[in-house]
Structure formats: C-alpha cells, structure tokens
Amino acid sequence: MKIDSARLQTLVKPLLRGVLLKVHPDFFAHDPVAKRINQESVQRLQDLLAPVLRDNARSTAHRNADSVSAPLEFILKNTGQKPQDQISFAFTQTDSRSSGTHWVIAQRTRDLVALCTKLDVSVDTETLHDIEDVIGRAAATTSNHSENRVADIELRAARAREARENYDRRNNAPDPNAILMEKLRQSRWWLGDQRGKSARLELDRSKVFFDSSVDPKHYVDIIQRIESNLEQLHYSHWHHLPLMIVKSWRGSLDGSKIKYPGFVIMPANVPVKGNVTYT
C-alpha cells in the first residue's frame, strides 16, 4: 500500500498554515507564558503531522507516537476587544506497529481537520472530499495485505462513525419517523422462553438505519424478521458495525459507487438465509 503523499501534503499544508495563523507563538511576544504554551504545542503538532507531511511516513509514525499522550493546549490570538481564549485538543491515540502507517496518516489528517473546525479555520467541502479520496484510494489497496488488516478495520469503523454523523446531521427538520425509530431502539424483546434471554443474540438497534426508500410502516416487521434470524445472518461477525436497511440491493448504489460506505447493507426483504454486504 502506498498513499499519494504529494497530493495529501498539498491538501494538508494550507490547513496547517491556517492553524498557525491562529496560534503561532510569535503573536505572543508580549506574553511569555502564552508564547511558551503555544510554542510547545506547535512543536508537538508538527511532530504529530510528520507522518503526513514527510515522505518517510513509516519511521516518523512510529517515532512520534508518544506525542499523542497529552492534549495540545493553545492560546488564541486576541482580535479586537475580545479576550484571549484557550483551547485544548487531543489527537486520537494511534500506533503504527499495530494499526499500520496508513491508519496513522488517515487519522492524523482527520484530527487536523477537526482542530481546524475547533479553531474556526475554514475548510471547504472540496478539500474534505479530496482528502477522503486520497485516504480511500490508499485503503482500497490494503485489503489483501495481512499487515494492514487492523488498519483497514479501523478505517472502516471511522468511516461508519462519519457516515452516521452525516446521516444524523443530514436533515434538521423534524423527522416524522423519529418517534417510531426511538421506540424501536429503546424497546427490547426476546424470542422464545424468557429464561433463555442471556443465551440469545440481541440486535443493537442503536446501530440500525433505514434508507429513505423503505416505507416506515414496515420498520417493525423488518426488525422483527432480522432479530428472528440473527444466527443465520451471522450477526456475531458484524455486530460492531452499523446496519443500513435498503429497499433493494439497487438502493445501496449511487451510480457505480457504494451509497453507504462503512455500513453493513441489507435489503428490506432479507431472506432467512439472507446475504449482507460489508462496505
């Protein structure tokens, strides 16, 4: 696996520059304490981003793993009459020895984007899309390499979290089906004798989502059918991933691309020996 370092660096450097324009220690020559705090955090930030910004990513990812141990502390540049603010930001704990260099690069890049958001540094949608494209292309080449299997699983989990967050933010208008979904997720029932509860698989309804093409009046029936066949669907193999119910397999595609990356996809009319798709 080889990530397109040159392209990713071209996308990331303007983001780092935007952060430095907010917290560079030279802005605090009049305040030795603030200057020292920002100087230390800027140095650690550059260490954390070394795997992204330098070509020898594998060695820098391993060498700088300890830089994540404590949050970065920044004093923000004073603008006008507004008093100085201080923020704290923690990068995600990553270890290239167990997760793989690609995962370290992907997570450090995403953490930089999150830091930009916290500092009100503008990041346009096209840049975000291009960053995910670079990361995604590199991830696609790792599936057949055993040394990167853990990194691939974690990357899928990260995409699932992002997809879920995007799904939740997609529409701020009141959802007429929200009450139904909330009741479905809060309620729990078991099949068979009550004494056998502890031995049965249980569907985590908090991770169940429905494509807009699925009729809400069928939600309950679909969930009951899935819960009746958890063993046949090998639920224990993918219980940690979110589940997206689509009207048909065709509903899982957006042109030639998977519509819901990071989700387990299942058709609404899932058969007893139904297949699921991991994206």
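No experiment lies behind these values; they were computed from the predicted model shown.
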Would you say the side-chain atoms of [X] pair up with the backbone N or O of [Y], donor to acceptor, closer than 3.5 Å?
X    : Y    : answer
K118 : S88  : yes
R156 : G262 : no
D111 : F91  : no
W238 : L243 : no
D31  : A34  : yes
N38  : H24  : no
R225 : A268 : yes

Nearest 0.5 Å please: distance from the [atom1] atom of [X] over to the [atom2] atom of [Y].
X    : Y    : atom1 : atom2 : value
L203 : L230 : CG    : CG    : 5.5 Å
H129 : L11  : NE2   : CG    : 11.5 Å
H218 : N269 : NE2   : CG    : 10.5 Å
L128 : D133 : CG    : CG    : 12.5 Å

For the residue pair [X] and [Y], categorise the inter-ring angle as parallel (less than 30°), tilted (30 to 60°) or perpendicular (more than 60°).
X    : Y    : value
F28  : H30  : parallel
F210 : Y219 : parallel
H237 : H234 : parallel

Taking atom types as modelled, find out whether S41 and E73 have a side-chain donor-acceptor pair closer than 3.5 angstrom. no
Donor + acceptor pair across side chains of D211, Y260 (<3.5 Å): yes
Would you name the heavy atoms of [X] and [Y] that are closest together and state the gap between them?
X    : Y    : result
L48  : R108 : O-NH1, 2.8 Å
K35  : P25  : CG-O, 3.5 Å
A6   : T10  : O-OG1, 2.9 Å
I245 : P267 : CG2-C, 4.4 Å
Q232 : S228 : OE1-O, 4.2 Å

Check whether any side-chain heavy atom of [X] sits under 4.5 Å from a side-chain heavy atom of [Y], and report yes or no.
X    : Y    : result
L115 : L15  : no
T117 : V123 : no
P71  : F89  : no
I87  : V23  : no
L233 : M266 : yes
H102 : I105 : no
M244 : V246 : yes
H239 : D204 : no

Got a sec, which pairs hit salt bridge (Lys or Arg N to Asp or Glu O under 4.0 Å) with one end in residues 121-132, sequence neighbours left out? R7-D130, R110-E132
Using side-chain contact (heavy atoms from CB on, under 4.5 Å), reason through V121 and K22 one step at a time and then give a plain yes or no. CA-CA 8 Å; V121 175; K22 294 275 188 176; 4.0 Å; yes
Take V42 and L72 through the side-chain contact (heavy atoms from CB on, under 4.5 Å) test and state the conclusion after the steps. CA-CA 8 Å; V42 166; L72 302 177; over 6 Å; no
Apply side-chain contact (heavy atoms from CB on, under 4.5 Å) to residues L241 and K207 and explain how you reach the verdict. CA-CA 7 Å; L241 296 174; K207 296 179 181 177; over 6 Å; no
Got a salt bridge between E40 and R44, using NZ or NE/NH1/NH2 to carboxylate O under 4.0 Å? no
For a side-chain contact (heavy atoms from CB on, under 4.5 Å) check, start with the C-alpha distance between L53 and L16, then their side-chain angles and the critical distance, and finish with the verdict. CA-CA 10 Å; L53 298 173; L16 177 58; 3.7 Å; yes
L21-F74 co-clustered via ILVMFWY side chain contacts under 4.5 Å: no
